[in-house]
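Before any comments, here is the structure.
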Number of protein chains: 2
Amino acid sequence: MATRKSQTLDLAILGTLKEGELHGYELRKRALSLIGQVRSLSYGSLYPALRELTERGYLEVDDRAALGIRRGANPRARIAYSLTSAGKEHLNSLLAESGPKEWEDDSFVVRFALFSQTDLRVRVRILEGRHTRLVERLETIRESLSRGRERMDTWTLELQRHGEEAVEREVRWLNELIDNAKTEEKEMNK
Amino acid sequence: MATRKSQTLDLAILGTLKEGELHGYELRKRALSLIGQVRSLSYGSLYPALRELTERGYLEVDDRAALGIRRGANPRARIAYSLTSAGKEHLNSLLAESGPKEWEDDSFVVRFALFSQTDLRVRVRILEGRHTRLVERLETIRESLSRGRERMDTWTLELQRHGEEAVEREVRWLNELIDNAKTEEKEMNK
DNA sequence: GTTAGCATGTAAGGAGTTACATGATTTT
DNA sequence: AAAATCATGTAACTCCTTACATGCTAAC
C-alpha cells in the first residue's frame, strides 16, 4: 500500500477540497489556479493520489456518484470527493508545519497559496524561512560571481547576473510581506 | 542498456567537457557553476550518466587513471573523461537544436549557459522561442486574474500578481538579448 | 586526532509524466 | 457530423535523489 510521502500534492488536494466537495477533473482545475505557476498536475498523479488519500481515510466519496464507478458501466459518473474529519485534521497538521521543507520553491508556493487557511504565526515563520533561504542563494551567486569573474564567459555571467536580480526582487517582496504580517501580529496582541 | 533520453544532463556534461578533460568530481563543480541556479546534480545521476555516455562512445577515459578503477584497489584513482570525436559531433548536434523543448525552463537555462558554443542563428531562435513561451504564460496568468478576480482570496491574488511581474521582467530581459543578437547578426552580414 | 573536502560508485526509492484506453456531452 | 471538452483511470517509463559504502589527503 505504498504510502506516498509527497506532502505538497496532498496539501494541494486537501487544501482545495476545504471549500467543499469536488470531483477529480474540477479539482484539478481549481488546484492548478492555485499552484499552476510552479507545478503541473497530471491525471496520472491526481487520480492515484485521490484513491490513496481515500484509503488513508482522509477523503470520502459521494455514495450516489460512486455507484457508477465500475469500469465499463457508466464511465462518465463523476466521483465527488470531500474531506472527512480525519482529513480536516490532517490538513490542519500539514498547515501547521513551518520547517525547512516549507521554504523550498515548490512547497513554498503551495503553502503560500493556502495562507488564508494558515495561522498568522506560521505564516510569518514560513515567510522568514523563505527569506533566509533566498539570502543564502544570493550569497552563493555572489560568491560565484566574485570568484570566477575572469574565467566565466559573457553568457554564464549574464545568466548569473539576471538570476541575482530575480532573487533580489523576491527578497524585497518577502520583506514587505513580513512587515505587513508583523504589523498585523502586533495589532492582534493589543 | 537503457539509453537515457535526458538531453539536458548530457548537454551539461558534454558542454562542460568541451574545454578539456575532467574527472567526475571536478566536472560536477564546473557544471554546477553553469547550471546550479536551476538544477542540482547529484553523484547518483552524474556517475551513471558518465558511464552511459562512455558506453555510447561519446566519452573516453584516461587509460592510466582507469587502471586503478577496480573496486577495492585504489578507490581514489581519478577517472578523467574527455570528448571523443563522436562526442564532439553529438554535442554539436545537440547545440544545433532549437525546438519547443529548448525553451522550457530547465533546458533553456542549460542552453543559455552554453551560448558561447552555439551558433548565432540558433541562439536567436532559442531566445525568440523562449520569448513566445513566456508571453503565453503571461496570457494564462492574466486570463486567470481577470476571470477569478472576485473568487480569489488575497494570497492567491498576491501570488499571481508577483508571478506576473517576474515573467514580465524576464520578457523584457529577453527583448534586450534578442535586439543585441539581431544587431550582431546584421553586422555579420555586411 | 578529527573534521572537512576529495573521489567514486550502487541500490532503492520517490515523484512524477506520457501514452493509452474509454466513452459521454457540448459546441461549432 | 466533426471537434473540443468533460471525465476517469492504468501501465510503463523517466529522471532524479537519498542513503549507503569506501577510503584517501589536507587542514585545524
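Residue numbering restarts at 1 for every chain, and letters A, B, ... go by the order of the sequence lines. FYI, side chains are in, hydrogens and waters are out, and symmetry mates aren't considered; it's all heavy atoms of this structure. Treat the numbers as computed from the prediction; the structure is a model and nothing was measured.
OP1 or OP2 of dA24(C) has not a single side-chain nitrogen or oxygen of Arg78(A) nearer than 4.0 Å. For dC15(D), the OP1/OP2 oxygens have no side-chain nitrogen or oxygen of Arg39(B) closer than 4.0 Å. At the phosphate of dT10(D), OP1 or OP2 sits under 4.0 Å from a side-chain N or O atom of Arg51(A). OP1 or OP2 of dG16(C) has at least one side-chain nitrogen or oxygen of Ser6(A) nearer than 4.0 Å. Within the structure, every side-chain polar atom (N or O) of Tyr43(B) is placed at least 4.0 Å from both OP1 and OP2 of dG9(C). OP1 or OP2 of dG5(C) has not a single side-chain nitrogen or oxygen of Lys29(B) nearer than 4.0 Å. The phosphate of dT17(C) has OP1 or OP2 within less than 4.0 Å of a side-chain N or O from Ser42(A). At dT17(C), one or more side-chain N or O atoms of Ser40(A) fall inside 4.0 Å of OP1 or OP2 (strictly under the cut-off). Contact check, Ser45(A) against dT17(C): a side-chain N or O comes under 4.0 Å of OP1 or OP2.
Atom CG of Leu41(A) and atom P of dA15(C) are 15 Å apart (whole Å). Rounded to an integer number of Å, the gap from Leu59(A) CG to dT8(D) C1' is 16 Å. The nearest whole Å value for the distance from the CG atom in Leu9(A) to the P atom in dA15(C) is 10 Å. Distance CG (Asp106(B)) to C1' (dC16(D)): 11 Å, rounded to an integer number of Å. Distance, Tyr25(A) OH to dT26(C) C1': 12 Å, rounded to whole Å. With rounding to whole Å, Glu55(B) atom CD is found 12 Å from dG9(C) atom P. In this structure, Leu50(A) places its CG atom 13 Å from P of dG16(C), rounding to the nearest Å. Protein atom CG of Leu22(A) is 14 Å distant from nucleotide atom P of dC6(D), rounded to whole Å.
The nearest heavy atom of DNA chain C to Gly44(B) and to His23(B) marks one nucleotide each, and the one closer to the 5' end goes with His23(B).
The one candidate from Arg39(A), Arg137(A), Arg133(A) that meets the salt bridge (charged side-chain N to carboxylate O under 4.0 Å, His left out) condition with Asp105(A) is Arg137(A).
Inspection of the Arg28(A) and Ser42(A) side chains reveals no N or O donor paired with an N or O acceptor under 3.5 Å.
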Candidate pair Asp153(B) and Thr156(B), rule side-chain hydrogen bond (donor to acceptor under 3.5 Å, both in side chains), full reasoning: CA-CA 6 Å; Asp153(B) 64 87; Thr156(B) 312; 3.1 Å; yes
CA sep, side-chain torsions, deciding dist, call: Gln160(A), Ser144(A), side-chain hydrogen bond (donor to acceptor under 3.5 Å, both in side chains): CA-CA 9 Å; Gln160(A) 304 258 34; Ser144(A) 144; 3.0 Å; yes
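Among the protein residues, Arg28(A) comes within range of no part of the nucleic acid, since none of its heavy atoms lies under 4.0 Å from any strand. Within 4.0 Å of Gly24(A), counting heavy atoms only, lie sugar-phosphate atoms of the nucleic acid but no base atom.
Salt bridge present: Arg130(A) and Glu170(A) bring a charged side-chain N and a carboxylate O closer than 4.0 Å.
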